[in-house]
A.B. asks: 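Once you've had a glance at the structure underneath, I'll fire off some questions.
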Amino acid sequence: MSYHFNKIEEKWQKYWAKNQTFKASNTSSKEKFYVLDMFPYPSGAGLHVGHPLGYIASDIYARYKRHKGFNVLHPQGYDSFGLPAEQYAIQTGQHPAVTTEENIKRYREQLDQIGFSFDWSREVRTSDPEYYKWTQWIFLQLFDSWYDNIKDKARPISELVEIFSAEGNRKINAACDEDTNIFSAEEWNDLSSEEKQEQLLKYRLTYLAETEVNWVPELGTVLANDEIVNGVSERGGYPVVRKKMTQWSMRISAYAERLRADLDKIDWSESLKESQRNWIGKSVGAMVEFPILTFPEGEGTLKPKYMTGGNNSKLLLEKAIANRANPTEAEKILWEELKSKSLGHKFRQQHLIDDFIVDFVCLSKKLVIEVDGGYHDNQQEKDFLRTQRLEESGFRVIRFSNEEVVNKTQKVLEKIKKELETVIVPPSGARGISVFTTRPDTIFGVTFMALAPEHELVSQITTPEQKAEVEAYVQASAKRSERERMADVKSITGVFTGAYAEHPFTKEPVPIWIGDYVLAGYGTGAVMAVPCGDQRDYDFAKHFDIPIKNIFQDVDISEEAFTGKDDAVITDSDFLTGLHYKEALPRSIEELEKIGQGKGKTNYRLRDAVFSRQRYWGEPFPIYYKNGQPHPIPEECLPLRLPEVEKYLPTEEGEPPLGRAEKWHWDEENKKVVSIKEGVKPPSGVWGIELNTMPGWAGSSWYFFRYMDVENQERFVSEEAQKYWENVDLYIGGSEHATGHLLYSRFWTKFLYDRGFVTVEEPFKKLINQGMILGQSAFVYRLEGENTFISKNLIGDKSVQPIHADVSLVNFSDELDIEEFKKWRPEFKDAVFVLDNNEVYSSDTPSFGGGRGEANSSPSGRPGGAFVVGREVEKMSKSKYNVVNPDEICKQYGADTLRMYEMFLGPLEQAKPWNTAGITGVHSFLKKLWKLYHTGPEGSFYVNDSPPSEGLGEALKSLHKTIKKVTEDIENFSFNTSVSTFMICVNELTAQKCNSKEILEPLAILIAPYAPHIAEELWEKLGHAESISTATYPVYDEKYLVESKKQYPVSFNGKMRFTMELPLDLSASQIEEAVMGDERTQKQLEGRTPKKVIIVPGKIVNIVG
RNA sequence: GCUCGAGUGGCGGAAUUGGUAGACGCGCCGGAUUCAAAAUCCGGUAUUUUCGGAUGUGCGGGUUCGAUUCCCGCCUCGAGUACCA
């Protein structure tokens, strides 16, 4: 009986489905193990042989773990929201749900054919309302949370509200918008509920913000940074432009440090961790504040002065002077104290800042002290406004009442003193330029400042003389797309603003330039340029003839900047002179803090993630807008189902496709979606629902939790189920998700952990990236300008045009089936083909041709030569006609062969080319395996049931060697080598004519994870009623491998010359005696006496002569 | 540019607490079987050679009795990232 793989595979696939063999239980006394694949997006193209590679590896591991007694969760599902289905819908009007359903069906058929041990009862689809209900729910939890930097975790927004109403936000250290103001409890409590919402939105972990986004006009949507590749969209390759839009964002930046630090806790490949680290981009340095100097017209002298706004400054100044002469009692007392410098800082009284006269100010510390009952208006809201404006200008404001000052003077002074000690670097405001630098130690090398063209200060500081030039430059660089800017890294452009900043230490003026080498999106969008220590600054300075100051000791910078740190000694830098980088760095920060113009700071490259997409086929946001403010749709109303639309394009007004949905308003009172006809004003209490949808990564950022408890109606996953399955033990998938899915999933998991919804901080304990399987494209060569094709070996130095030929038209010997090729490309039906023996084949040649790429095709039986194609390894893709379909392979060789061959190709993590020709080796191995169990008459099944271990020495050795190696291989994910091991084992057992059940039964289990169908069939024939997946994995026993002899390699000066069989129990000296006594040794030595003989018993003998 | 990874027969690849380089498979060559082919089975297959041997894991050095494996310096290829201050 021969090996009918098709019949066997169909039989067992049905059996597994019917018996739910791989259904995992959430209540088991067994230890759990969770093996997960990255779920596929069901595209219309179906699977090619590259797709299942990771699935096969994880399936082998899952099956192995079941044999090892684990309760294994091995689910599969579909990431079924996405752009291609929507694009197809736009073109055809076909509802994305329909095409998605069709594609899923096809995927499922293809997956089923390969014999995976998935628990399909737990299937998830991200586009299923029962699933995205919980995606929306998680969104609402994010909306309902803020990030506390002190406790370093996300907390409910209600706790923030409590703090605000008790003590304002002064003491809060939270991840929030940059334009968040400081307010007191009174100020907070006086806000209207809408104003409160506005403030809270600045703290929520998902928030609305006007952001500069990557807009793709062709797709009519925005994309996240990780969806942009080389300045064009990852899908479709469309150009990307920058555009300001109000979008939902995820405050992932709050988690930057934890996402970075916790990489140390997980077992991922170093390269993947590295790309996440790079993406997060931590840099440690300092913020430095450079005050802006202006040069009042007509004045030649250098006179630093804070800019003042408004035309009434002269009037105000007079008023201030008048005020000074008429202090209140409290002011008088306080001024006496402040004037004396007992606090160590200089204060001014009745000082003009912008349009305000403040009571007292310490300019160097940027601290304003206000005393109630002064000459300014005393209304509370005006105070609030004043505070706000002053804070915008970088000042801190503290207030005291008259009574406090008069009666508790010491307490007031203490408070002022404390306030002076705290260092606050003001945000980049009208007063100065904040820069971030990793090298504050080089601050004395600053010779200019550079701002990004988009920097908000540009228009404010530019002098009239420079205005035209600056504006032209800003406009020109705004026009340049991201791609152009990237492509054009080399050319140096910039323009001088005419303005100067003041060096924090030397107090010298530093010219302020604009240059597009400074990125608006990183740091503060401004840099302190140190040409001697930074190559870009150096190039810029050289190009514009800006002086370069060298502050490095004994370093030549005439050719390029000195960017080294380790051997940098600072010179010519005041208090830093003579210090090494390591000492200079902390010292410089210390000094900056002392003068209140700098502060140590860690910066991250990771930006908040834009979460809105102007698409139809995605999760709707559970948000409606009431008076312009976003409000959550109540949890109990979820899911908020995607409405029907007529067209999937944006509306004429440029609104997302959901703008076309008639039924897309929220009735607040009745808590339901209601229909409002276009152009009709909604009645009161009915509000518009968010028109954007969520991005593709929303649903995939938490699906691994849903598998644990897929039917749960009450929660996204029950506490018990999550506690039992914890997180994914083994995750296998492509490395292309390094900075997208894998980062977002970690972010959401940490968030869910913070809020107590799950018990784990990381989603994936171990992660393996499978390498890409590449295609072997086939090329035919057409003579330039002629309709003649020539066989590859005739090319020589002829000029030819290579044309892709479909790989299915080529046989294993790289010969093309010419007739089929002509059918496939009718435009070549009259072409002439010159074969490798120079014979000419044209349409009137009697019928012949190469094979059809089938294993049993024959190149003979036809006249003359063959037409040979060229081969090249390329990415497998439809457009290159090099796609190999797994269905075909399954049909022709079987799923077990496909599974083993994919593993046999090479190391899992490595990219490797697919070559169908090689599959015969694995296929004939399975045939040999089958034969091993079918040694009865006419190939019938036969195993010998004789008493254990009788005369099985060699067979037991083969078996246990295999157990040992294969077990190690699976644990190390070295699946390719275990296939070799099986081949060796079967070859040995065949040679031994082994047909003992004692050997063949465990062998079937060993092979079951790799080739489950044939293993099940053999298992059944061996007399078992239950699936082989319930069988216990064989245990390796050392005793069968104990050897008594060893073929010792005998080396001379490290080169192996011959081997010698010696008993293993010999001592080193006995071995030496035996080796020296051998005539081959004497021959090698040619009479010399060896200087030294190295003996490693059980390993080698090396004779040094 | 930076970061990570990799260079071994005609091809995919194997071997690293340093110890017989090229396992296993493909391909190729020869043989058996066959009218013939497919399938199957057996043998061979790194290079070179004066048949003793010599050489050989990208290149050049080093450590060692011994290096594909460890160290230093290069070269090439692949992946990721990119004016990150």
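A quick note: this is a predicted structure, and the numbers were derived from the prediction, not measured. Proteins come first, then strands; the chains are lettered A, B, ... in the order of their sequence lines, and each starts at number 1. Atoms considered below: every heavy atom in the structure, side chains included; atoms not considered: hydrogens, waters and symmetry mates.
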A.B. asks: Kindly write out the residues that satisfy ring-ring contact (aromatic ring centres under 6.0 Å, His included) with A/His503, not counting sequence neighbours, or none if the list is empty.
C.D. replies: A/Phe444
A.B. asks: Base, sugar-phosphate or nothing for A/Arg871? Non-hydrogen atoms, less than 4.0 Å.
C.D. replies: nothing
A.B. asks: For A/Lys1045, enumerate each residue passing the salt bridge (charged side-chain N to carboxylate O under 4.0 Å, His left out) test, keeping only those at least two apart in sequence or located in another chain.
C.D. replies: A/Glu1061
A.B. asks: To the nearest Å, how far apart are A/Phe1058 CZ and B/G52 P?
C.D. replies: 16 Å
A.B. asks: If you look at every strand shown and take non-hydrogen atoms under 4.0 Å, does A/Glu274 touch a base, only sugar-phosphate, or nothing?
C.D. replies: sugar-phosphate
A.B. asks: Taking only residues two or more places apart in sequence or in another chain, which ones pass side chain to side chain donor-acceptor pair (under 3.5 Å) with A/Glu971?
C.D. replies: A/Tyr64
A.B. asks: Can you tell me how the ring of A/Tyr522 sits relative to the ring of A/Phe436, calling it parallel under 30°, perpendicular over 60° and tilted otherwise?
C.D. replies: perpendicular
A.B. asks: Please enumerate all residues that pass side chain to side chain donor-acceptor pair (under 3.5 Å) together with A/Arg277, with sequence neighbours excluded.
C.D. replies: A/Glu270, A/Glu274
A.B. asks: In this structure, is the centre-to-centre distance between the rings of A/Phe540 and A/Phe448 below 6.0 Å?
C.D. replies: yes
A.B. asks: Tabulate protein N/O versus nucleotide N/O from nucleotides 43-48 of chain B, keeping only pairs under 3.5 Å, one per line.
C.D. replies:
none

A.B. asks: Kindly write out the residues that satisfy salt bridge (charged side-chain N to carboxylate O under 4.0 Å, His left out) with A/Glu559, not counting sequence neighbours, or none if the list is empty.
C.D. replies: none
A.B. asks: Protein within reach of the bases, or only the backbone? For nucleotides 9-27 of chain B, mark each nucleotide 5' to 3' as B, S or -, using heavy atoms under 4.0 Å.
C.D. replies: ---BSS----BBS-BBSS-
A.B. asks: If we take the C1' atom in both B/U47 and B/U8, what is their distance in whole Å?
C.D. replies: 14 Å
A.B. asks: For B/A21 and B/G66, measure between their C1' atoms and round to the nearest Å.
C.D. replies: 14 Å
A.B. asks: Sequence neighbours left out, what passes ring-ring contact (aromatic ring centres under 6.0 Å, His included) with A/Tyr901? Give chain and number order.
C.D. replies: A/Trp914
A.B. asks: With P as the reference atom in both, quote the distance from B/C28 to B/A38 in angstrom, rounded to an integer.
C.D. replies: 11 Å
A.B. asks: Applying salt bridge (charged side-chain N to carboxylate O under 4.0 Å, His left out), can you list everything that pairs with A/Asp267, at least two apart in sequence or on another chain?
C.D. replies: A/Lys766
A.B. asks: Taking 4.0 angstrom as the limit, do A/Lys957 and A/Glu1043 come out as a salt bridge?
C.D. replies: yes
A.B. asks: Using the P atom as the reference point in each nucleotide, state the distance between B/U40 and B/G25 in Å, no decimals.
C.D. replies: 13 Å
A.B. asks: Is there any side-chain hydrogen bond (donor to acceptor under 3.5 Å, both in side chains) pair reaching into residues 532-542 of chain A, and which pairs are they, with sequence neighbours excluded?
C.D. replies: A/Tyr517-A/Asp537, A/Asp534-A/Arg536, A/Gln535-A/Asp539
A.B. asks: Looking at residues at least two apart in the chain, or sitting in another chain, which of them share a salt bridge (charged side-chain N to carboxylate O under 4.0 Å, His left out) with A/Lys273?
C.D. replies: none
A.B. asks: Would you measure the distance from the C1' atom in B/G13 across to the matching atom in B/G9 and give it in whole Å?
C.D. replies: 11 Å
A.B. asks: Counting only non-hydrogen atoms, which of residues 525-536 of chain A are less than 4.0 Å from RNA chain B?
C.D. replies: A/Val527, A/Arg536
A.B. asks: From B/C84, B/C65, B/C83, pick the nucleotide closest to the side chain of A/Arg605?
C.D. replies: B/C84
A.B. asks: Mind checking A/Lys927 for me? I need base, sugar-phosphate or nothing, with any heavy atom below 4.0 Å counting as a touch.
C.D. replies: sugar-phosphate
A.B. asks: If the cut-off is 4.0 Å, is A/Thr739 near the phosphate of B/G80, judged by side-chain N/O to OP1 or OP2?
C.D. replies: no
A.B. asks: Say we look at B/U20 and B/A14: how far apart would their C1' atoms be, to the nearest angstrom?
C.D. replies: 15 Å
A.B. asks: B/G52: syn or anti, with syn meaning chi within 90° of zero?
C.D. replies: syn
